[in-house]
Protein chains: 2
Amino acid sequence: MTPEAAAIFEQCNCLAVRQAARHLTQFYDQFLASSGLRTTQFSILAKLRGYGPLSINALAKELVMDRTTLGRNMLPLEREGLIEIASSATDRRTKELRLTEAGVERLRAAAPGWIDAQSRFEQAFGRKRSSALRALLGEVVASEM
Amino acid sequence: MTPEAAAIFEQCNCLAVRQAARHLTQFYDQFLASSGLRTTQFSILAKLRGYGPLSINALAKELVMDRTTLGRNMLPLEREGLIEIASSATDRRTKELRLTEAGVERLRAAAPGWIDAQSRFEQAFGRKRSSALRALLGEVVASEM
DNA sequence: TTGACATAGGTGTATATGCTCCTATATTAA
DNA sequence: TTAATATAGGAGCATATACACCTATGTCAA
């Protein structure tokens, strides 16, 4: 393989998305740090706040995350009392993830940091371009390959 | 916080990028699996192939990755003999990461899988849109906030 | 020369990610 | 009813990620 052939890997869509994810995650995490939440944890709490109680599978699908990953990501949140994990009454296989009052409060406390990060990014990157980027990324997730 | 207020988190740029990264990583990883490489490892080898020997700091910057992350990501590759880690002759603080012959060979073996993944994605998502997406993501990485 | 500062990298710790293989429970067809 | 199958979730394993704090080495000015 020549260096020229290696250069086509610079076009890798996967690498481009991962690099941007690392970059943005570090940025957003800075603004969430004072709340004691990471971006992933913030996302989980926010989804539960918006959707109400969900099963692990349902929430994982909502977050485009492997269910085993979500299962593990729950543990620090449960340990801190931000969510509760209860067995479903109608299906004993299913566990219901529910935001606690402390979880709602923590999400509220973290919101200003998120707004700050989001605003600064959109200030720098542009509101419309941010919106266009999110739309493209949504189509990536939805794309059938 | 009302559910309506929680809904603005749906606009999170960070979450959108992370979700797409998870989705694409799983997709590309499937096609690389037979080579025994993950996408991150493939990226590392490809960069070293294109740039020649690099220090940990230089390669980490190139990959938009924390240097401590890269330091740990090196270990499986070194263990398998795909890269060599040698001290620099001129600066004893610096370590030079170098692709071995086995590393070149492994990269060559993984290339068809990457091409397949890349082609299928661009077939589904569109060549021009893929290119536009990569450009946007590049600007995300470059954006000063 | 030497002391202050900058740079390269490692370690400890914690979370994030997902595959493979596993059990428990539910559903459905024979 | 029962056997096959599908679904929900957990455990083991390995890699990925990055912050805080650390040591070693290099640089540069007083």
Side-chain angles (χ1 to χ4, degrees), chain A residues 14-15 17-34 36-45 54-61 63-80 82 85-97, chain B residues 14-15 17-34 36-45 54-61 63-80 82 85-97:
Chain A
C14 187
L15 177 60
V17 177
R18 288 175 67 85
Q19 287 181 343
R22 288 193 284 259
H23 188 73
L24 269 194
T25 299
Q26 280 186 296
F27 181 72
Y28 276 69
D29 268 348
Q30 281 177 21
F31 288 85
L32 290 177
S34 64
L37 292 178
R38 311 277 205 90
T39 59
T40 297
Q41 300 175 327
F42 182 83
S43 303
I44 291 170
L45 298 186
L54 288 174
S55 71
I56 289 182
N57 269 300
L59 181 53
K61 180 170 275 187
L63 288 165
V64 193
M65 184 182 287
D66 189 88
R67 75 178 170 74
T68 68
T69 300
L70 178 60
R72 290 193 156 93
N73 288 347
M74 293 283 105
L75 300 181
L77 297 173
E78 188 191 22
R79 192 200 317 136
E80 291 202 63
L82 306 180
I85 306 179
S87 293
S88 159
T90 56
D91 186 337
R92 281 185 297 167
R93 296 171 303 180
T94 302
K95 293 187 173 179
E96 241 186 19
L97 307 176
Chain B
C14 186
L15 176 60
V17 177
R18 287 175 67 85
Q19 288 182 342
R22 287 193 285 258
H23 187 72
L24 269 194
T25 299
Q26 280 187 287
F27 180 71
Y28 276 68
D29 268 348
Q30 280 177 22
F31 288 86
L32 290 177
S34 62
L37 293 178
R38 311 276 205 91
T39 59
T40 298
Q41 301 176 327
F42 182 83
S43 303
I44 290 170
L45 298 186
L54 289 174
S55 71
I56 289 183
N57 269 301
L59 181 54
K61 180 171 274 188
L63 288 164
V64 193
M65 183 182 287
D66 189 89
R67 80 180 165 72
T68 67
T69 301
L70 178 60
R72 289 192 156 96
N73 288 348
M74 293 284 106
L75 300 182
L77 298 173
E78 188 191 22
R79 192 199 318 135
E80 290 202 63
L82 306 180
I85 307 180
S87 293
S88 160
T90 56
D91 187 337
R92 280 186 299 168
R93 293 170 304 179
T94 303
K95 292 187 174 180
E96 242 186 19
L97 307 176

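Residue numbers start from 1 in every chain, and the chains themselves are labelled A, B, ... in the order their sequence lines are given, proteins ahead of strands.
Distance, B:L59 CG to D:dA16 P: 13 Å, rounded to whole Å. Rounded to an integer number of Å, the gap from CG of B:L15 to P of C:dT17 is 10 Å. Between the CE atom of A:M65 and the P atom of C:dC19 there is a distance of 13 Å, given to the nearest Å. Rounded to a whole Å, the CZ atom of A:R38 is 6 Å from the C1' atom of C:dA14. In this structure, CG of A:L45 is placed 14 Å from P of C:dT15, rounded to the nearest angstrom. Distance, B:F27 CZ to C:dC19 P: 13 Å, rounded to whole Å. D:dA18 atom C1' lies 15 Å from atom CG of B:L63, rounded to whole Å. The CZ atom of A:R79 sits 10 Å away from the P atom of C:dA16 (whole-angstrom rounding).
With hydrogens and angles ignored, the 3.5 Å screen pairs no side-chain donor or acceptor of B:R67 with any backbone N or O of B:A60.
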Sugar-phosphate or base contact per nucleotide [nucleotides 19-26 of chain D; S, B, -; heavy atom under 4.0 Å] = BBB--BBS

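Qualifying salt bridge (Lys or Arg N to Asp or Glu O under 4.0 Å) partners for B:E80, counting only residues two or more places apart in sequence or in other chains: B:R106. Partners of B:R93 according to the side chain to side chain donor-acceptor pair (under 3.5 Å) rule, which considers only residues two or more places apart in sequence or in another chain, are B:D91. Considering only residues two or more places apart in sequence or on other chains, A:D29 meets the side chain to side chain contact (heavy atoms under 4.5 Å, CB included) condition with A:T25, A:R38, A:T39. Residues satisfying the salt bridge (Lys or Arg N to Asp or Glu O under 4.0 Å) criterion with A:D66, sequence neighbours excluded, are absent altogether.
At D:dT7, none of the side-chain N or O atoms of A:N57 fall inside 4.0 Å of OP1 or OP2 (strictly under the cut-off). For the pair A:N73 and C:dT17, the criterion of a side-chain N or O lying under 4.0 Å from OP1 or OP2 is met.
Two residues are said to be in side-chain contact when any heavy atoms from C-beta on lie closer than 4.5 Å; B:L32 and B:Q41 fail this criterion. Looking at heavy atoms from C-beta onward, A:L59 lies in side-chain contact with A:L63 at the 4.5 angstrom threshold. Annotation: side chain of B:L97 is not in contact with side chain of B:I44 (no heavy-atom distance under 4.5 Å).
DNA chain C lies under 4.0 Å from no heavy atom of any residue of residues 17-25 of chain A.
In this structure, OG on A:S55 lies 8.5 Å from CD on A:E96, to the nearest 0.5 angstrom.
If you check every strand for non-hydrogen atoms under 4.0 Å, B:S88 touches nothing.
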